[in-house]
Amino acid sequence: MHVVTFTRSTPDTAAKVWVDAGGAVSWGDVATVVNPWDEYSLEETIAIAKSGGGKSTVIAIGADLHNDALKHSLAMGINAAIRVEEVGADSHDSLVWSALAAGAIQKLGDVDLVIFGKESIDVATDQHSMQLARRMGWTLLSFVSAIVDLDTAAGRIKVERTFEQGKQLVSAPLPAVISVLKGINEPRYPNFLGIRKAAKARIPVWTAADLGVELPASATSVLRYFNPPPRAVSNEIIAGEGVDDKVETLATRLFEEKVL
């Protein structure tokens, strides 16, 4: 059983992000963190690989910024890490990203299951998992809240999917691509020995040539980044004799300002 997951380094969600004078997005000296959604896919990857007597691999696509996320993954207990980078390629474009990701999966060759976190928090999208599944011709199961059964001998997986409207039980053949939700597990913290071992790890870097991949033309391009214009904000404390009087005054003001 070979389980693969993808990760990336992102700014901390508490960090202040801005566009600098050169037009680049910056968050200053604040350290990056593992994409928060990936903590759950990493934990699930480790657990499934161990319980099935298999192996786990984590892949990041992009510049060496993502090495921190890869080393964190190794410290958690992932067996192997790989970074895929093609200089000049726009890995923010999901078509380019999925082409490199599919090439990496095909190069590994024996992958049974690919696990994603729900989305990438910095770009707020989950289309990467969908496009990878399409390129591989594998079933995609998104919004997975529990893996009910994983029968490697029969080559099938059964999962519970959770939506606003309710839950769904689905079975699909392996290999497959799944994306998991927050409540599926409790991610472990790397221990000291894991951190030391990960710090010494040398992470191989694969290029498009290594993967035998011809990248598609980017379908999107970033024209520019800019800071949002400052907003003039004012506030007013509603006075009144009592709660009812204050509520009536507030409702009147909201109607006057055409908020309601």
Task: Minimum heavy-atom distance Gly77-Ser56, with the two atoms named - done: O-OG, 4.2 Å

Let me check something: any side-chain donor-acceptor pairs from residues 199-213 under 3.5 Å, sequence neighbours excluded? List them with distances.
| from | atom 1 | to | atom 2 | distance (Å) |
| --- | --- | --- | --- | --- |
| Thr207 | OG1 | Ala209 | N | 3.4 |
| Thr207 | OG1 | Asp210 | N | 3.3 |
| Thr207 | OG1 | Asp210 | OD2 | 3.2 |
| Asp210 | OD2 | Thr207 | N | 2.9 |

Open item on the list: For the CD1 atom of Ile184 and the OG atom of Ser179, what is their distance to the nearest 0.5 Å?
Closed with: 9.5 Å

TODO: Tell me, with the steps shown, if Ile82 and Thr57 meet side chain to side chain contact (heavy atoms under 4.5 Å, CB included).
DONE: CA-CA 8 Å; Ile82 300 163; Thr57 301; 3.9 Å; yes

Task: Heavy-atom donor-acceptor pair, Arg161 side chain to Ser142 backbone, under 3.5 Å - done: yes

- [ ] Quick one: closest heavy-atom pair of Val111 and Pro175, and the distance?
- [x] O-CB, 3.8 Å

Open item on the list: Test of understanding: clusters of I, L, V, M, F, W, Y form through side-chain heavy atoms closer than 4.5 Å, transitively. Do Ile48 and Val4 belong to the same one?
Closed with: no

- [ ] With sequence neighbours left out, write down each residue that passes side-chain hydrogen bond (donor to acceptor under 3.5 Å, both in side chains) with Thr152, or none if nothing qualifies.
- [x] none

- [ ] Mind checking side-chain contact (heavy atoms from CB on, under 4.5 Å) for Lys246 and listing every partner two or more places apart, or none if nothing turns up?
- [x] Ile238

- [ ] Indicate yes or no for a side-chain donor-acceptor contact from Thr5 to the backbone of Ile115 under 3.5 Å, with no hydrogens or angles considered.
- [x] yes

Using distance only, find each side-chain donor-acceptor pair of residues 222-233 under 3.5 Å and give its atom names and separation, not counting sequence neighbours.
| from | atom 1 | to | atom 2 | distance (Å) |
| --- | --- | --- | --- | --- |
| Asn227 | OD1 | Val19 | N | 2.9 |
| Asn227 | ND2 | Val19 | O | 3.1 |

Open item on the list: I'd like to check the side-chain hydrogen bond (donor to acceptor under 3.5 Å, both in side chains) partners of Ser98; sequence neighbours left out, ordered by chain and number.
Closed with: Gln131, Arg135

Task: Minimum heavy-atom distance between Ala14 and Asp12, given as atom pair plus value - done: N-OD1, 2.8 Å

Open item on the list: Treating Thr139 as the side-chain partner and Ala172 as the backbone partner, does any N or O pair qualify as donor plus acceptor under 3.5 Å?
Closed with: no

Open item on the list: Could you work out, with side-chain contact (heavy atoms from CB on, under 4.5 Å) as the rule, every residue matching Asn191, not counting sequence neighbours?
Closed with: Leu193

Task: Sequence neighbours excluded - ring-ring contact (aromatic ring centres under 6.0 Å, His included) pairs with any residue from residues 142-171 - done: Phe143-Phe163

Task: Single-linkage hydrophobic cluster, 4.5 Å side-chain cutoff, Tyr40 and Ile157 together - done: yes

TODO: Can you sort out the partners of Ala198 under side-chain contact (heavy atoms from CB on, under 4.5 Å), two or more places apart, ordered by chain and number?
DONE: Lys71, Leu74, Ala75

- [ ] Please answer: with hydrophobic residues joined when any side-chain heavy atoms are less than 4.5 Å apart, are Leu108 and Val114 in the same cluster?
- [x] yes

Open item on the list: Quick check against the 3.5 Å criterion: does Asp68 have a side-chain atom that pairs as donor or acceptor with the backbone of Arg8?
Closed with: no

Task: Under the side-chain hydrogen bond (donor to acceptor under 3.5 Å, both in side chains) test, residues paired with Glu86 that sit two or more places apart - done: none

Open item on the list: Apply salt bridge (Lys or Arg N to Asp or Glu O under 4.0 Å) to residues Glu85 and Arg83 and explain how you reach the verdict.
Closed with: CA-CA 6 Å; Glu85 181 181 11; Arg83 185 165 61 84; 2.6 Å; yes

Task: Ile46 reachable from Ile178 in the ILVMFWY side-chain graph, under 4.5 Å edges - done: no

- [ ] Indicate if Val170 and Leu174 have the same hydrophobic cluster label, given that clusters are the connected sets of ILVMFWY residues with side-chain heavy-atom separations under 4.5 angstrom.
- [x] yes

TODO: Inspect the contact between Asp151 and Lys158 and indicate whether a charged nitrogen and a carboxylate oxygen are less than 4.0 angstrom apart.
DONE: no

Task: Beyond-backbone contact of Gln127 with Glu119, side-chain heavy atoms, under 4.5 angstrom - done: no

Open item on the list: Contact between Thr45 and Val58 at the side-chain level, heavy atoms closer than 4.5 Å - yes or no?
Closed with: no

Open item on the list: Counting neighbours of CD on Glu186 that are heavy atoms of other residues, nucleotides or ligands and sit closer than 6.0 Å, is the number greater than 12?
Closed with: no

Task: Leu100 side, atom CG; Ile61 side, atom CD1 - distance, nearest 0.5 Å - done: 5.5 Å

- [ ] Output the distance between atom CG (Leu132) and atom OG (Ser94), rounded to the nearest 0.5 Å.
- [x] 11.5 Å

Task: Contacts of type ring-ring contact (aromatic ring centres under 6.0 Å, His included), residue His128, not counting sequence neighbours - done: Trp97

TODO: Taking all heavy atoms of Val96 and all of Pro216, pick out the closest pair and write down the distance.
DONE: CG2-O, 3.8 Å

Open item on the list: Let me confirm one number: the CG-CE distance from Asp38 to Met76, rounded to the nearest 0.5 Å.
Closed with: 10.0 Å

Open item on the list: What verdict does the side chain to side chain donor-acceptor pair (under 3.5 Å) test give for Thr10 and Asn35, after you've listed the backbone C-alpha separation in whole Å, the side-chain angles of each residue and the deciding distance to 0.1 Å?
Closed with: CA-CA 5 Å; Thr10 64; Asn35 176 41; 4.6 Å; no

Open item on the list: Can a donor-acceptor pair be found, under 3.5 Å and without considering hydrogens, that links the side chain of Asp245 to the backbone of Glu241?
Closed with: yes

Task: Non-hydrogen atoms of Met130 and Leu140 that approach each other most closely - done: CG-CD2, 3.5 Å

TODO: Could you tell me whether Arg156 atom CZ has more than 12 heavy atoms of other residues or ligands within 6.0 Å of it?
DONE: yes

Task: Partners passing side-chain hydrogen bond (donor to acceptor under 3.5 Å, both in side chains) against Arg188 (at least two apart in sequence or in another chain) - done: Glu43

Task: Gap between atom CZ of Phe116 and atom CD of Glu44 - 0.5 Å precision - done: 15.0 Å

TODO: Sequence neighbours left out, what passes side-chain contact (heavy atoms from CB on, under 4.5 Å) with Asp112? Give chain and number order.
DONE: Met1, His2

Task: Residues Arg253, Glu236: salt bridge by 4.0 Å N-O rule - done: yes

Task: Stepwise side chain to side chain donor-acceptor pair (under 3.5 Å) test for Thr220 and Asp93 - done: CA-CA 6 Å; Thr220 61; Asp93 185 288; 3.0 Å; yes

Open item on the list: Under 3.5 Å, is there a donor on one side chain and an acceptor on the other for Ser26 and Asp20?
Closed with: no

- [ ] Calculate, to the nearest 0.5 Å, the distance between atoms CH2 and CD1 belonging to Trp37 and Ile121 respectively.
- [x] 8.0 Å

Task: Heavy-atom pair of closest approach, residues Leu42 and Ser73 - done: CD2-OG, 3.3 Å

